[in-house]
Amino acid sequence: MKYIFALVDCNNFYVSCERIFEPSLEGRPVVVLSNNDGCVVSRSNEAKRLGIGMGVAFFKVKDFDAKHGLVALSSNYTLYADMSRRVMETLCNFTPEIEVYSIDEAFLNLSGLGDNLTDYGRRIRQTVKQWTGMPVSVGIAETKTLAKIANRIAKRSPEAAGVFELTEQARIDEALAQTGVENIWGVGIKTCIKLKREGIKTALALRGVDAEWMRRRFGVTGVRTVYELRGISCYELEDQPPAKKGITVSRMFGRKVETVEELKEAIASYASRAGEKLRDEGLAAGAMTVFVMTSRFVDPRKRYFNSRGVNFPTATNYTPELIDYAAGAIERLYKKGFLYAKAGLILGDLVPEGKVQGNLFDAADRQKSRRLMRAVDAVNIKLPDSRLIWAAEGIGQSWRTKFAKRSKRYTTQWDELLEVV
DNA sequence: TCTGGGGTCCTAGGACCC
DNA sequence: TCTGGGGTCCTAGGACCC
């Protein structure tokens, strides 16, 4: 039996989340900004039509509000995560096999659901809209790469009205002929330039290249893309999320940071957040890499990047311990005279909490630490606005990332519920 | 003045071993 | 003058994704 994938993708996800709770944003150009209100990460169709590109620095389009009525909002991750969960739960009603691919996309297995897949796609789209308010597009095909292309057409073609099926050969050929290589899943900027230099400009042309030549020039990932375009599936549906390999917490500062004390406060708060993530996943980390960096946009002589790895004697998820290691690394990394823009840490060698190998010389009372962490986590989940923080994180925290234009957390905070007046 | 964060997979090359 | 070869493991960096 042939596999059938549906790719369900939320339209302009962050912007749509905002619009669901603020309908006056409907029909206007709206963008959502990254951390620190730095650059544009989600755009309404109206904003796209104004020529605002994905990832552009916000200061470059700031004056669009006066000229074109552009509305810019800070990211509201709490709201987006909750809306994502609602959409994914709705999708689970349509198939037992679903792979949540990202915050706003999921692959569904539609094999064995009959011949009228387009109709089925329409039902999915309509139900998600009705139950959550979220507009989605559905692309249907025999490989993930083709489903991505189908989804792109579903979004753009008015006739498709949000659902497009690519299972018929003539239709596939036509779609591939109209898809530039830059719009193929897995083809990034570097590969795109190389392909075009070879005269390969469309997905149809790429489908026809010699597989061995492709392997030599672009490695196994390149060949997989060619096969996927031919309808030979190389990427399975992964309905079991694979074990995490690392946990990263890093942020740009709200302003430049010069002192080692402030760097240590920041890294302590990132370490604390990393500890929460570990415990939430039931994991412990065996190693940590800490890094600091200046802005990429300053004079090269004023740039500094450095990182430092630490292997723990015993894997841990105990926040005070993580903070100690992180602060120690910062002391060694810090060089006076630089304006630091960002710091972060990456936890590696992750192991299930219950399987931590004890260390003969490790005297810490693990049971007690675990109870303490459980208590702290419980308080912070219940009272996110009066969180317990570690003294090392500092009180003022003037280096904190800025979110000047954030909307309310409508769905997760009682005091921020939508008010209808 | 102002330019995000969190991931995965693959590959080349060095270290090390016999 | 003469200086092996092949396998495995690890890591850093590249490329890509949303």
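Bear in mind the structure is a predicted one, so any value in this text is a computation, not a measurement. Throughout, a chain's letter reflects where its sequence line sits, starting with A, and its residues are numbered from 1.
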I want to check one thing: is the phosphate of [N], taken as OP1 and OP2, less than 4.0 Å away from some side-chain N or O of [X]?
X	N	answer
A:Arg255	B:dC2	no
A:Lys342	B:dT3	no
A:Asn36	B:dG4	no

Between A:Val56 and A:Lys277, name the one whose nearest nucleotide on DNA chain B is closer to the 5' end.
A:Val56
Taking the nucleotide of DNA chain B with the nearest heavy atom to each, does A:Gly219 or A:Asp37 sit closer to the 5' end?
A:Asp37
Is it true that [Y] and [X] share a donor-acceptor pair across their side chains at a distance under 3.5 Å?
X	Y	value
A:Asn306	A:Tyr334	no
A:Asp82	A:Thr412	no
A:Thr145	A:Glu228	yes
A:Asn151	A:Ser137	no

Euclidean distance, atom [atom1] of residue [X] to atom [atom2] of [N] [Å, nearest integer]:
X	N	atom1	atom2	answer
A:Met252	B:dT1	CE	P	16 Å
A:Leu350	B:dG6	CG	P	15 Å
A:Leu278	B:dG7	CG	P	10 Å
A:Leu347	B:dT8	CG	P	13 Å
A:Tyr270	B:dG5	OH	C1'	11 Å
A:Arg251	B:dG4	CZ	P	13 Å
A:Phe253	B:dT3	CZ	C1'	16 Å
A:Lys60	B:dT3	NZ	P	11 Å

Using the C1' atom as the reference point in each nucleotide, state the distance between B:dC17 and C:dG4 in Å, no decimals.
14 Å
Could you tell me whether [X] and [Y] have a side-chain N and a carboxylate O separated by less than 4.0 Å?
X	Y	value
A:Arg279	A:Asp377	yes
A:Glu89	A:Arg86	no
A:Glu99	A:Lys144	yes
A:Glu165	A:Arg171	no
A:Asp9	A:Arg152	no

Is the base of B:dT3 stacked against the aromatic ring of A:Phe58, taking ring centres under 5.5 Å apart and planes under 30° as the test?
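Given the distance and angle limits, no, they do not stack.
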From the list [options], which nucleotide is the closest neighbour of the side chain of [X]?
X	options	value
A:Ser34	B:dG4, B:dT3, B:dG7	B:dG4
A:Cys39	B:dC9, B:dG5, B:dT3	B:dT3
A:Lys245	B:dT8, B:dC2, B:dG4	B:dT8

Give each stem of DNA chain B as a range with a range, requiring at least 3 consecutive Watson-Crick or G-U wobble pairs whose two distances are under 3.5 Å.
B:5-18 with C:5-18
With sugar-phosphate taken as primed atoms, P, OP1 and OP2 and all else as base, the protein-contact string of nucleotides 10-18 of chain C at under 4.0 Å (heavy atoms; B, S, -) is -----SSSS
Sequence neighbours excluded - ring pair (Phe, Tyr, Trp, His ring centres under 6.0 Å) pairs with any residue from residues 21-50 of chain A
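The answer is A:Phe21-A:Tyr410.
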